[in-house]
Number of protein chains: 2
Amino acid sequence: MNLSAMLSESIQQGQTTRFYPGIRESFTELTGKLWHGRRGSNSNMANMKKIAELAGVSLGTVSHVLNGTARVREPLRKRVLEAVRVTGYQPSQLARGLRRDKTNILAMIIPDILNPFFPGVVRGAEDVAFANGYRLVLCNTDNDHGKEVMHLNALRTYLPSGLIVIPSDFSDLTAQTESYRRAGAAVVCIDRLPRNWNGDSVTINNTDGASNAASYLIGLGHRHLAVITGPLHLTNSQDRLKGFKRALRQADLELAPGYMQEATFDRAGGYAKTKVLLKMVPRPTAILACNDLIALGALMAIREEKLHCPDDISLVGFDGLDLTETTTPQLSSVYQSPYQLGAAAAQLALDRVAHKDAPVKHIVLKTELRIRDSVAAPPADMSASPPIRHRKSRSVAS
Amino acid sequence: MNLSAMLSESIQQGQTTRFYPGIRESFTELTGKLWHGRRGSNSNMANMKKIAELAGVSLGTVSHVLNGTARVREPLRKRVLEAVRVTGYQPSQLARGLRRDKTNILAMIIPDILNPFFPGVVRGAEDVAFANGYRLVLCNTDNDHGKEVMHLNALRTYLPSGLIVIPSDFSDLTAQTESYRRAGAAVVCIDRLPRNWNGDSVTINNTDGASNAASYLIGLGHRHLAVITGPLHLTNSQDRLKGFKRALRQADLELAPGYMQEATFDRAGGYAKTKVLLKMVPRPTAILACNDLIALGALMAIREEKLHCPDDISLVGFDGLDLTETTTPQLSSVYQSPYQLGAAAAQLALDRVAHKDAPVKHIVLKTELRIRDSVAAPPADMSASPPIRHRKSRSVAS
DNA sequence: AACTCAGCTTGAAAGCTTTCACTTTCCACC
DNA sequence: GGTGGAAAGTGAAAGCTTTCAAGCTGAGTT
């Protein structure tokens, strides 16, 4: 029996190490007293070395079996898989990430998960991530650019494969995100875009959405339309305002001074600005609120002023959150799918990971005008022309 | 000038390596042709070695400066920090985690971020995590035990320091979480507890919360109280039911058969079960819904049956979500703070990381009964005794 | 001037996986 | 039975940090 035959047999029995006793022992002697490792802790967790020993193969082979990076003959392959099964071994994502320069992590930076629009976005992204074996790390910025940069910098050292950002504001993120790209990570911006953004993105058609809503109101006979926008340093706010103005222009209407109010994207903002609008003369007969929380605040203000929606004033929100169904009256709103937004972003990020040099993609999702009970024709004395009759609960895709 | 003096000076000049040209070069020669690394990619990112070279110190010293693990004399310390500043160096969390057997990650497993109760929990946990330099990895289980186990197994290989779980159901998680504990990770269960749970936990006082709500209704004169519970395999559902029953017992009232309905924790469940309740004879004059979504569904059903809340029937929800303020009528509810729940859980997890052997903690948060417009005394003919007058918007802590 | 001791620094190993270059095995064919 | 080439398998290095034991320095002591 020659050496290689012995080796071969020994491998079959999983005892390779026996054949270099001198080397092994002296190595052990050398390092035995230099042990600096941690005690206990993870030592009971299986690692690749243990699998290799159990299966009687080399480390490399185990890796190849696990990753399909090379052909491995069936018997060996089986022994490896069996060893994995028996030990319940799972590869260390840390070691793998360290070696591959990239982990199965998708980082996501959003303004605030407490804003009811964002959970859907997160869920969409998480589902796509999970389905592809990725995990989602979530960070909230509170729309604070400083916090955003902190997150951006800190997360990078985990070497995520991708990064999905809803920018806190119009600040230029090029410097930060560029370092991700250099490190080979995909970066996708969604919902709003920062200044100078030239990477992948997923947004909705804010302009058309707002335009459709305004057109619908105009179609009902409204001539005194007001708008409460979100913070105008956000691109989505800007676009919604643009759409609103476009609809007015197309109907040869003017945006009366003061009929445009800028608010924060929350109830308080909507409440305050609606109070202002309701004091105007003539009072607007319809309000487009640039998100549902603003609309909610508007509804409170309207109620508080002893006015009635939709008889005295029509109201349309934006986003189409669940809460629009539980208000009284139910809120009409420009619906967009946060889930789809998040899912598309995650998918785009993963695509980018797979094809680093594919052309940049800008996905623009559609909105859908959902008419519920908060809109009606204007009071008779306020309408310049007879209102056009519309079915209720009509949906208009933009 | 002797060697040590030269070395000393050389260190001042950051040129240590120059002194072993032979060794260094032969080492390079030896390894130069065995290069298996990746090309480019991260090679431009600073690492500790670069910092050490720049500062003219050893790797160990850099580490000590960065971690405060040993005293380092001021001049060296300064040079290290300066090099860090100049390069913008940030330690690799992967390498650090690999070496320390633990990362700055907190894993969180929740049923579904789309359920409006959970974003607050997540936010609370994330804020505490972030404030302590940890990141949050989020996973949704959809109340699916299989998915939960998958997440649990997969996340472990990232070696998170802690794990916060809202169990999907009553399934025993001991096996899975035990392996986290063995790996040195802290595990905290919140909101509901799995079978045989003997680790740290944060819950709310569900029993008292439900009991207070029921007592309040009884105090208003109600004698026909119904309850719509959540899925009874969840401990929080069980406890709320227990509290409801306790209040009845204390008032010498009986829970009429059929007055207890079990529903899923959502609108549809509440709607369906309320329809059932409203058909009963006698019809209940008050309903305790064991979460706000159920209450929302109940409200829809009540409206659909042309009944009026609170005149015909009083309704109290549970959780005190924001949406309780925007319904008509505004919903009374047993408020609990999801943010506090999440924050406490994260804090508990971090405490556990710091003090592995501290005694197990069970934190139980208080609830607060928030009375709004959805409750009133029962219709005159349904009340056995004159109702007790209560102020509106009263808050009762439990 | 030699010696001690404390305190600062250092160098190397270890943690776990992937990947490359190389060796060994296998199989077909002469 | 031997040969050649393809396929399969191996072993070691590298990725970056932490941590230990040991080396060094310099002040204080005798």
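Residue numbers start from 1 in every chain, and the chains themselves are labelled A, B, ... in the order their sequence lines are given, proteins ahead of strands.
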Closest approach to the side chain of [X], judged atom by atom: which nucleotide of [options] is it?
X	options	value
L98(B)	dC16(C), dT18(D), dC16(D)	dC16(C)
S58(B)	dT17(C), dT17(D), dT10(C)	dT10(C)
V57(B)	dT10(C), dC16(C), dT18(D)	dT10(C)
T69(B)	dT19(D), dT17(D), dA8(D)	dT19(D)

Between the side chains of [Y] and [X], is the shortest nitrogen-to-carboxylate-oxygen separation below 4.0 Å, so that they form an ion pair?
X	Y	value
E53(A)	K50(A)	no
R123(A)	D142(B)	yes
E82(B)	R79(B)	no

Quick one: [X] [atom1] to [N] [atom2], roughly how many Å, whole number?
X	N	atom1	atom2	answer
L59(A)	dT18(C)	CG	P	10 Å
H64(B)	dC8(C)	NE2	P	11 Å
L159(A)	dT17(D)	CG	P	10 Å
D101(A)	dT18(C)	CG	C1'	11 Å

Which sits closer to the 5' end of DNA chain C, G60(A) or R96(B), going by the nucleotide each is nearest to?
-> R96(B)
Of R73(B) and P91(A), the one whose closest nucleotide on DNA chain C sits nearer the 5' end is R73(B)
With sugar-phosphate meaning primed atoms plus P, OP1 and OP2, does S63(A) contact a base, only sugar-phosphate, or nothing at under 4.0 Å between heavy atoms?
-> base
Using a heavy-atom cut-off of under 4.0 Å over every strand shown, decide if V72(B) touches base, sugar-phosphate, or nothing.
-> sugar-phosphate
Is [X] close enough to [N] that one of its side-chain N or O atoms is under 4.0 Å from OP1 or OP2 there?
X	N	value
S92(A)	dT17(C)	no
N47(B)	dT17(D)	no
R71(A)	dA8(D)	yes

One would report the end-axis bend of the helix from dA1(C)-dT30(D) to dC30(C)-dG1(D), five pairs per end and rounded to 10 degrees, as 60°
Taking everything shown except R77(B) itself, do over 12 heavy atoms lie less than 6.0 Å from its CZ?
-> no
With distance as the sole criterion, is a donor-acceptor pair present between the side chains of Q93(A) and N104(A) under 3.5 Å?
-> yes
Donor-acceptor pair under 3.5 Å, R99(A) side chain vs dT18(C) base | yes
Picking from H151(A), K147(A), E148(A), what satisfies side-chain hydrogen bond (donor to acceptor under 3.5 Å, both in side chains) with S168(A)?
->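 Passing option: E148(A).
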Expected output: side-chain E126(B) to main-chain N140(A) donor-acceptor under 3.5 Å | yes
